[in-house]
Protein chains: 2
Amino acid sequence: MNSRNISPEAQNRIEEMLAKLKSSDFRITPQRYAVLRILAASEEHPSVAEIYESVRAEFPTTSLATVYKTVSLLKDIGEVLELGFHDGNNRYDGNRPFPHPHVICMQCRKIMDPELAGLDDLSAEMNRKTGYKILSHRLDFYGLCPDCQKLA
Amino acid sequence: MNSRNISPEAQNRIEEMLAKLKSSDFRITPQRYAVLRILAASEEHPSVAEIYESVRAEFPTTSLATVYKTVSLLKDIGEVLELGFHDGNNRYDGNRPFPHPHVICMQCRKIMDPELAGLDDLSAEMNRKTGYKILSHRLDFYGLCPDCQKLA
DNA sequence: GTTTTTTTGATAATGGTTATTAAAAAACAA
DNA sequence: TTGTTTTTTAATAACCATTATCAAAAAAAC
């Protein structure tokens, strides 16, 4: 899993995130670069603890606080989508930093990005019906993934 | 806001919740009854802190832990829907204890229940596309309510 | 090279929720 | 009624992911 195994798409996301950091006048430190690379490469919607683990593998002195701050920074500049859960197991998506649906396994916590169109239309409909100016949304489906169905 | 002002619908929900508690072999204590009544009557999706405040108005010795436990119990027996937020301001719906969309004001935190059909179809579609056995879902729209738009 | 600003790392503080436990209340039995 | 068992309450300690604090380190600016 070295740098030669990074897919072109992930490489692209890395460039985008670096560019956004630069244009927002934030420094690109080794720690930030490491966090950013993990977020860009992972399809698993990792938690801060998981990112921390991965970063520690190449930067053993990295602090947990730094990971929190970096993820939060990337979220603030719109390069990472936060999936907050009230049971305290927040997950992060560095590939699609815009609202989109998720399918979540209630057993193993695996999270997928399903294909689903038409949500922007729903937002517009909500706008009309409620008078709220809709700015964002979140749609999560909860269930059992194929693996956990087999085990059950 | 005394008991004579309870709407027929709310009265109905109270009866349903009481019946469910009874059939599940839980005792109907004054504290539980107070919590339950507030949840059944409120359209505001109250937080535990708010429920606690209201309960204290008629039962000044009620403990916060009791409110937490009662709300959790009602959730467990399927009579209350929990809207968990990772910023620690969970809200509860005792009127529609099943998945349904919400419209949330990002400024004043007001929560509404909009009309929106067809979500069960979406769940079925997710089932087909992902292989997950979908059991539940959550759809939140975030924006600014009419009042907060005026103030802005 | 010196100064200024940003970032890091270590750790303390925060705060909603849960766990604990003795006392009170309710249900049950004799 | 009285005693016994079970459930529930009230008070508070514990939990834990996240945030705040701040001195040291690193990078940028001068």
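Throughout, protein chains are lettered first and strands after them, A, B, ... in sequence-line order, and every chain is numbered starting at 1.
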Take Q107(A) and D147(A) through the test side chain to side chain contact (heavy atoms under 4.5 Å, CB included) and record every step on the way to the result. CA-CA 10 Å; Q107(A) 196 132 82; D147(A) 289 346; over 6 Å; no
Closer than 4.0 angstrom, basic N to acidic O: yes or no for R128(A) and E125(A)? no
How close or far is atom [atom2] of [N] from atom [atom1] of [X], stated in whole angstroms?
X: I51(B); N: dT17(C); atom1: CD1; atom2: C1'; answer: 14 Å
X: E82(A); N: dT18(D); atom1: CD; atom2: P; answer: 8 Å
X: H86(A); N: dT18(D); atom1: NE2; atom2: P; answer: 13 Å
X: R32(B); N: dA25(C); atom1: CZ; atom2: C1'; answer: 12 Å
X: N89(B); N: dG16(C); atom1: CG; atom2: P; answer: 9 Å
X: Y52(A); N: dT18(D); atom1: OH; atom2: P; answer: 14 Å

One pair to check against side chain to side chain contact (heavy atoms under 4.5 Å, CB included): L116(B) and M126(A). What are the steps and the verdict? CA-CA 8 Å; L116(B) 184 60; M126(A) 285 304 101; 3.9 Å; yes
K20(B) vs F26(B), side chain to side chain contact (heavy atoms under 4.5 Å, CB included): CA-CA, chis, key distance, verdict: CA-CA 9 Å; K20(B) 188 63 160 292; F26(B) 292 108; over 6 Å; no
Between the two end axes of the helix from dG1(C)-dC30(D) to dA30(C)-dT1(D), each built from 5 base pairs, what angle do you get to the nearest 10°? 20°
I'd like to know whether V80(A) forms a side chain to side chain contact (heavy atoms under 4.5 Å, CB included) with D93(A), so could you lay out the CA-CA distance, the side-chain angles of the two residues, the decisive distance to 0.1 Å, and finally the verdict. CA-CA 6 Å; V80(A) 158; D93(A) 189 332; over 6 Å; no
cation_pi(R27(B), Y33(B)) dist<6.0 Å, angle<=45: no
Geometric cation-pi criterion R109(A) and Y142(A), 6.0 Å radius, 45° cone: no
Looking just at side-chain N and O atoms, do D140(B) and H137(A) make a donor-acceptor pair shorter than 3.5 Å? no
OP1 or OP2 of dA26(D) less than 4.0 angstrom from a side-chain nitrogen or oxygen of Q31(A), does that happen here? no
Would you please confirm or rule out a distance under 4.0 Å between OP1 or OP2 of dT18(D) and any side-chain N or O of N90(A)? yes
[X], [Y]: one ILVMFWY side-chain cluster at the under-4.5 Å cut-off?
X: M112(A); Y: M106(A); answer: no
X: I104(A); Y: L83(B); answer: no
X: L122(B); Y: Y132(B); answer: yes

Please work out which residues in residues 21-30 of chain B have a non-hydrogen atom less than 4.0 Å from an atom of DNA chain D and list them by number. F26(B), R27(B), T29(B)
Heavy atom of residues 60-77 of chain A under 4.0 Å from DNA chain C: which residues? T61(A), T62(A), S63(A), A65(A), T66(A), K69(A)
